[in-house]
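Labels below follow one simple rule: chain letters A, B, ... track the order of the sequence lines, proteins then strands, and each chain is numbered from 1.
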Protein chains: 2
Amino acid sequence: MADVKPIGKALFLREEELRRGIELMFFAYRDFTGEADSILAEQNMGRAHHRAIYFIGRNPGITVSDLLTILCITKQSLSRVLSGLMQDGYVIQKPGATDRRQRLLYLTETGIALESRLTSLQGRRFAAAYREAGVDAVDGFQRVLQGLLDSDTIDQIAQQDQNKRYLIAMIAPVESK
Amino acid sequence: MADVKPIGKALFLREEELRRGIELMFFAYRDFTGEADSILAEQNMGRAHHRAIYFIGRNPGITVSDLLTILCITKQSLSRVLSGLMQDGYVIQKPGATDRRQRLLYLTETGIALESRLTSLQGRRFAAAYREAGVDAVDGFQRVLQGLLDSDTIDQIAQQDQNKRYLIAMIAPVESK
DNA sequence: TATATTGGTCAACATGGCTGACGTAAAACC
DNA sequence: GGTTTTACGTCAGCCATGTTGACCAATATA
């Protein structure tokens, strides 16, 4: 064991480790979305609907163009999905107060119920994984995933967090005392 | 700050943390696959081709049914992809030595070149993320992703690892001295 | 008033999932 | 040796979701 060429071994381990990461991403993403997919299929919806519902629920009153920025799809694709969601009563839109061209998107009660069902399903999976792996692991997990992001995405998430902090400060100042 | 209701706060943080995970998975998977997608688009291929190429490269001589087990798609879907890959000279198949019904799949030189180009691209992204996040983070990352898997998937990966160790022991026993 | 922005719509197309039905060769079993 | 099962392929068609391109309406803004 002592006379193994160290450089070759290191490279080999490195590639194995990288491949391990690549494969884990593939399998974990598939399994992580699979459970929700089957619920969505019952309602004749797909992953695209889920994404829209999720981010509208997360950002009530979001504009169409902001949602487009998050999802990185064309407005034609989104439009098709949103029309369906509005027709089926999961989403409603209200004209913007200051800019009346905007259509601010909100979940209906039904939409909220579905979103919460889907999110709690995925949340349970995460909660179990977090519990098994431990607190330090969670931190590492988040840091590595963060490192996988494009810089544009990082900016965009930071921007969203900014908006969210602003909203929280507005609607729930009592929490901060 | 001291008189915040502890339970409400804890639940709030918990939900935020879970949502953070859900969102990171979405964005990270998207960005992580996006780069490869654009290379694939140049060759008129999609993600499905990539997955096939990746796992054939990873398991040379894999049977169609084993590949189906890994990918979790129908044989019709896979067949369409494989036909294309063979027609374009990325993949060849050889009849199985013991069971001649099997068609064992291999990458051609061209296939290997493409696989390696795609994997090194994704590998670089992972390497950068790992480097930024540190060794402990990598461990946490892998443990959490592992925890997100279905138990079937875990078994399946273990099985593959088993095969791989067997192969390594066969073809490169010199490494282990 | 002219231009830019926000959002929607129609048409057409590609990818990649799916089901169902059917075929063929080889292996395995009785 | 005949039957059944397995491994794989193929044809046909459907659906969801992405794309491009063109065009339109309402509203904001310089």
Heavy-atom donor-acceptor pair, A:T108 side chain to A:Y90 backbone, under 3.5 Å: yes

d(CG, A:D37; P, C:dG16) in whole Å: 17 Å

B:Q156 CD to B:D161 CG distance, which is reported to the nearest 0.5 Å: 10.5 Å

Protein-nucleotide distance (B:M86, atom CE; D:dT10, atom C1'), rounded to Å: 12 Å

Check ion pair A:R58-B:E16 (N to O, under 4.0 angstrom): yes

A:Q76 side chain, from C-beta outward: closest of D:dT27, C:dA11, D:dT10: C:dA11

Rounded distance in Å - CD (B:Q102) to C1' (D:dT5): 14 Å

Residue list, salt bridge (charged side-chain N to carboxylate O under 4.0 Å, His left out) with B:R51, at least two apart or on another chain: none

Candidate nucleotides C:dT9, C:dA27, C:dA4, ranked by approach to the side chain of B:R101 - the nearest: C:dA27

Atom pairs, N/O to N/O, protein against nucleotides 14-18 of chain D, distance under 3.5 Å?
unit_1 : atom_1 : unit_2 : atom_2 : d
D:dT17 : OP1    : A:G46  : N      : 3.4
D:dT17 : OP1    : A:R47  : N      : 3.0
D:dT17 : OP1    : A:A48  : N      : 3.3
D:dT17 : OP2    : A:H49  : ND1    : 3.3
D:dG18 : OP1    : A:R51  : NH2    : 2.7
D:dG18 : N7     : A:R80  : NH2    : 2.5
D:dG18 : O6     : A:R80  : NH1    : 3.3

Aromatic A:F26 / basic A:R30 pairing, under 6.0 angstrom, 45° off normal: yes

Cationic tip of A:R143 above A:F141 ring, under 6.0 Å, 45° of axis: no

Interatomic distance, A:K75 NZ vs C:dC10 P [rounded to whole Å]: 13 Å

Spacing between A:R100 atom CZ and C:dG7 atom C1', to the nearest angstrom: 15 Å

side-chain contact (heavy atoms from CB on, under 4.5 Å) partner of B:L105, chosen from B:I92, B:T63, B:L85, B:I62: B:I62

side-chain N/O A:S65 vs C:dG7 OP1/OP2, d < 4.0 Å: yes

A:S79 vs C:dG8: side-chain N/O to OP1/OP2 distance below 4.0 Å: no

Atom-pair distance (CZ on A:R103; C1' on C:dG8), nearest Å: 6 Å

Length of the CG-P vector between B:L104 and D:dG9, whole Å: 11 Å

Nearest-angstrom distance from the residue atom CG of B:D66 to C1' of D:dT6: 13 Å

Phosphate OP1/OP2 of C:dG8 contacted by A:Q93 side-chain N/O (<4.0 Å): yes

